[in-house]
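Each remark here refers to the structure printed beneath this line.
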Amino acid sequence: MKFLFSSFSLIMPLLSVGACAPQLVRVKPYERETLARPVMSRSLDPLQKAMTEHAYFSREATSGGGGVGGGGCGCN
Amino acid sequence: MKIPSIAIALVTAFSALSATAAEPGQALPKLAKLLPGASLPSTSGKVVLVDFWASWCGPCKASFPALNRLHEKYASKGLVIIGVGVDQDAGKYKQFAGKMGAKFSIVHDSAHKVAGTMNPPSMPTSYIADRKGVIRYVHSGFRGAKTEAEYVTEIDALLAEK
């Protein structure tokens, strides 16, 4: 009984959060105004920025790479 | 272990929260209802192109001249272009529109009511609706001459429909 209750109270929140997680976490394309500001990029030096973004994109391609910082509008 | 039915009910309820994007075949939402007080052109019986843009969006800068050309060519034939600006800053909205010299109607959706309803998948996104108010084409992004050629083909086809 105790086991059932504790696993219920563990699984339920996980299921609920898992189901609505995309809405909780994702920034919508039209909400990217603040993220598009130049000061929000990882580096302001153009060469360092290009190198860092390339490395980041190569590793983080599954989540769109550096689309937020680089494209601003998410146009990639 | 039996998964409690309440967990299933919660999951389905939360999945309903996922906002659906406006798709071809759906009716174009009534912009006048979503933006009361905005000066919107009449759209009944006309082919409508709704374009979501912002001052911070690079391809939008490239799309404005194209939209201006479409407006000049097709406005007299029954095309209405409505540019929905999603900037939160009214100053940036006005500055961008002024600098780009928009000849078509633009409205300011600072509270993201229209954007939240139609849920554009990227910036910019254009929706083209036929004379009956049904969305027929969705353009996610703007790719220069290629997209402009697609617009021309689609608008020609929709204007030809009665």
Side-chain angles (χ1 to χ4, degrees), chain A residues 1-44 46-47 49-50 52-54 56-57 60-76, chain B residues 1-21 51-63 84-93 96 108-125 139-144 147:
Chain A
M1 191 62 200
K2 223 177 169 182
F3 171 76
L4 269 176
F5 176 74
S6 58
S7 34
F8 174 81
S9 51
L10 177 65
I11 285 175
M12 261 253 293
L14 284 176
L15 277 175
S16 324
V17 171
C20 63
Q23 320 323 322
L24 291 174
V25 169
R26 286 285 153 82
V27 175
K28 297 259 185 261
Y30 52 87
E31 292 170 342
R32 288 194 158 135
E33 181 163 1
T34 313
L35 293 167
R37 292 174 63 193
V39 73
M40 294 292 263
S41 65
R42 268 167 233 104
S43 168
L44 292 176
L47 186 60
K49 182 177 172 182
T52 317
E53 281 185 354
H54 175 75
Y56 185 78
F57 172 74
E60 301 288 338
T62 49
S63 66
V68 164
C73 51
C75 46
N76 62 335
Chain B
M1 198 201 86
K2 250 178 28 181
I3 296 175
S5 53
I6 193 164
I8 295 175
L10 269 173
V11 167
T12 43
F14 280 126
S15 58
L17 273 180
S18 52
T20 45
D51 178 66
F52 286 92
W53 62 271
S55 65
W56 43 263
C57 156
C60 301
K61 218 171 159 181
S63 73
V84 180
V86 299
D87 275 279
Q88 293 188 308
D89 186 336
K92 290 207 181 106
Y93 161 87
F96 184 86
H108 193 192
D109 185 28
S110 53
H112 295 168
K113 279 219 179 89
V114 184
T117 307
M118 294 184 72
N119 224 352
S122 71
M123 285 297 289
T125 301
H139 287 268
S140 179
F142 182 79
R143 287 166 191 84
T147 310

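Proteins get letters first, then strands, A, B, ... in listed order; numbering begins at 1 in each. Quick note: numbers below take in every heavy atom, side chains included, and nothing from hydrogens, waters or symmetry partners.
Around the NE2 atom of H112(B), the shell of radius 6.0 Å holds more than 12 heavy atoms that belong to other residues, nucleotides or ligands.
Panel note: side chain Q88(B), backbone E33(A); no donor-acceptor pair is recorded below 3.5 Å.
Here the closest heavy-atom approach between residue P120(B) and residue P29(A) is recorded as O-CG, 3.5 Å.
In this structure, chain A has heavy atoms under 4.5 Å from both the backbone and the side chain of A115(B). Contacts of D87(B) with chain A are made by both backbone and side-chain atoms, with heavy-atom separations under 4.5 Å.
A 4.5 Å side-chain heavy-atom check between Y30(A) and N119(B) finds at least one atom pair inside the cut-off.
Here the CZ atom belonging to R32(A) is positioned 9.0 Å from the OG atom belonging to S122(B), to the nearest 0.5 angstrom.
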